[in-house]
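Index from 1, following the sequence.
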Amino acid sequence: MLMSRLATAALLTCLLAVQAVWAVEATPLKTHEVLANGATRQISVDGVVEAVRDTTLSAQVQGAIVSLQVKVGDTVKAGQELVRLDARAASQSAAASVAQVDAARASMQVASKEFERQKQLFQKQYISQAALDRAKAQLQATQAQVQALQAQAGAATTQSGFYVLKAPYAGVISEVPVALGDMAMPGRPLVRLYDPTALRVTAMVPQMAATALFGNQNLQAEIPGLTTSHIPVQPGQIQLLPTVDAATHTVQLRVAMPPDLKGATPGMFARLWLPAAALAAGELRIQIPASAVVRRAEMTGVYVLDAQGRPLLRQVRLGRRSGEQVEVLSGLRPGDKVATDPQAAAKVR
């Protein structure tokens, strides 16, 4: 009786094992089809968000900061006062220049009247031509002095305007590297601001892809973290710089962002999605899921399904990895189907 029970238990164990093997073999393998030269794919290049108008306001004159109206993050209007320097000395100099102009004008009026009298006396032949010439020269000298002092007064007034820094356009304050009471020197940065309605994404693309980008409607931009995942780009928003980097053989690509884009700030990470057709033949890539790769000692391979649907291990040479995708440099052809679960593929006989 005991032997019969043991035999029955062994038979049941064998049947369960066979059923498990059948279940594994019956489960269809998850596969990934290798696309022909990356067709219908988009190639991403990393970029950065930049402000088209990014201005650093610096001091043109020397003076202590007596008023600081903004802080980092403030939104300002065009013409709004940002920083004021101590301009008391400049104001006094401008007032002195205006007073000198008034004195010169008074002298010019006296010289003008004197010339008119001398001209009447000359007509009556009471004075010589030399006396008339001296009176005329005196009038011309006072007129020239008035013009010189007016220019000097204008320069003093203009210089007094250098003590007040105003926003050149509506924007957002990004840096304020000074504090109230600091001494401003000529050339020292005081405030930096940018225009949030004029942003762009800048990236470096292979030189072979530069000419194919013009007129392409499939270019998209992405700024991770924003609610808008992919932003379509029109051909008029694309700008390629006319120079190529000699070290990397890449061209700088600039893509203008919509003016109503919310949440984007300069310095944010961004991606530009280029159509695979924009890349040259030597740049086309084959990518597969990284989970399909098998590594055994020094061998790297993937399970490729043959004509009968059986997975066979094939050695491949990999390139760089991008997220969940890895580039295959050799070993796969367009149309091949690779198993995305190598462990399940290894159990299929």
ask   = At their closest point, which heavy atom of Val34 faces which heavy atom of Ile288, and how far apart are they?
value = CG2-CG2, 4.2 Å
query = Honestly curious: do Val61 and Leu68 fall in one hydrophobic cluster under the side-chain, below-4.5 Å linking rule?
reply = yes
task = Might you work through the salt bridge (Lys or Arg N to Asp or Glu O under 4.0 Å) test for Glu116 and Lys113, ending with a clear yes or no?
result = CA-CA 5 Å; Glu116 292 297 331; Lys113 293 178 180 179; over 6 Å; no
inquiry  = For a 4.5 angstrom cut-off between non-hydrogen side-chain atoms, does Tyr194 reach Thr265?
reply    = yes
ask   = Only one of Val164, Asp74, Val176, Val70 forms a side-chain contact (heavy atoms from CB on, under 4.5 Å) with Leu82, so which one is it?
value = Val70
Check ion pair Asp133-Lys136 (N to O, under 4.0 angstrom) = no
message = Using side-chain heavy atoms (C-beta onward) and a distance below 4.5 Å, is Leu253 in contact with Thr202?
response = no
task = Indicate the atoms forming the closest heavy-atom contact of Ala59 with Met185, along with that distance.
result = CB-O, 3.3 Å
message = Can you confirm whether Val293 sits close enough to Thr300 that some side-chain heavy atom of one is under 4.5 Å from a side-chain heavy atom of the other?
response = yes
note = One should read off an interatomic distance between Asp86 CG and Gln62 CD, to the nearest 0.5 angstrom, of 11.0 Å
message = I'd like to know if Met204 and Met268 are part of one continuous hydrophobic network [Ile/Leu/Val/Met/Phe/Trp/Tyr, side-chain heavy atoms within less than 4.5 Å].
response = no
ask   = Of all heavy-atom pairs between Pro224 and Arg271, which one has the smallest distance, and what is that distance?
value = CG-NH1, 3.7 Å
ask   = Is there a chain of hydrophobic side chains (I, L, V, M, F, W, Y, each step under 4.5 Å between heavy atoms) that links Val49 to Leu261?
value = yes
request  = Could you please spell out the steps behind the side-chain contact (heavy atoms from CB on, under 4.5 Å) verdict for Phe122 and Gln129?
outcome  = CA-CA 7 Å; Phe122 177 76; Gln129 180 68 39; 2.8 Å; yes
query = Taking side chain as C-beta onward, heavy atoms only, is Met108 less than 4.5 Å from Gln147?
reply = no
task = Check whether any side-chain heavy atom of Leu312 sits under 4.5 Å from a side-chain heavy atom of Val304, and report yes or no.
result = no
message = Quick one: does any side-chain atom of Thr56 pair with a main-chain N or O of Pro189 as donor and acceptor, under 3.5 Å?
response = no
query = What closest approach, in Å, do Leu199 and Ala51 show between heavy atoms, and which atom pair accounts for it?
reply = CD2-CA, 3.9 Å
task = Evaluate the side-chain contact (heavy atoms from CB on, under 4.5 Å) criterion for residues Val302 and His32: first the C-alpha distance (whole Å), next the side-chain angles of each, then the deciding distance (0.1 Å), finally the verdict.
result = CA-CA 11 Å; Val302 295; His32 171 81; over 6 Å; no
message = Hydrophobic cluster membership, with links at side-chain heavy-atom distances under 4.5 Å among I/L/V/M/F/W/Y: are Ile127 and Val110 in one?
response = no
remark   = Taken to the nearest 0.5 Å, the spacing of Tyr303 OH from Asp341 CG works out to 10.5 Å
inquiry  = Under the criterion side-chain contact (heavy atoms from CB on, under 4.5 Å), I'd like the reasoning laid out for Ile65 against Leu85: C-alpha separation, chi angles, the key distance, then a yes or no.
reply    = CA-CA 4 Å; Ile65 298 176; Leu85 307 180; 3.6 Å; yes
ask   = Can you tell me how far CD of Gln80 sits from CD1 of Ile173, rounded to the nearest 0.5 angstrom?
value = 8.0 Å
inquiry  = If I take atom CD from residue Glu324 and atom CD from residue Gln287, how far apart are they, to the nearest 0.5 angstrom?
reply    = 12.0 Å
inquiry  = Strictly distance-based, threshold 3.5 Å: is any side-chain N or O of Arg188 a donor or acceptor partner for the main-chain N or O of Met183?
reply    = yes
query = Can you find a heavy atom in the side chain of Leu165 that is under 4.5 Å from one in the side chain of Leu190?
reply = yes
task = Nearest 0.5 Å please: distance from the OH atom of Tyr126 over to the CG atom of Leu121.
result = 8.5 Å
task = Identify whether Val205 and Val244 are in the same connected component of the hydrophobic contact network (ILVMFWY, side-chain heavy atoms under 4.5 Å).
result = yes
inquiry  = With rounding to the nearest 0.5 angstrom, report the CZ to CG distance, Arg192 to Leu57.
reply    = 11.0 Å
request  = Check the surroundings of atom CD in Gln125: do more than 12 heavy atoms from other residues, nucleotides or ligands lie under 6.0 Å from it?
outcome  = no
ask   = Has the side chain of Arg254 got a donor or acceptor atom that lies under 3.5 Å from a matching backbone atom of Arg200?
value = no
task = Work out which heavy atom in Asp182 is nearest to a heavy atom in Ala179; give both atom names and the distance.
result = OD2-N, 2.9 Å
query = Are the side chains of Leu139 and Thr142 in touch, meaning some heavy atoms are under 4.5 Å apart?
reply = yes
remark   = Of all heavy-atom pairs linking Ala203 and Leu272, the shortest is CB-CD1, 3.8 Å
Stepwise side-chain contact (heavy atoms from CB on, under 4.5 Å) test for Leu132 and Phe115 = CA-CA 7 Å; Leu132 179 63; Phe115 175 70; 3.8 Å; yes
task = Compare all side-chain heavy atoms of Ile231 with those of Val201 and state whether any distance is below 4.5 angstrom.
result = no
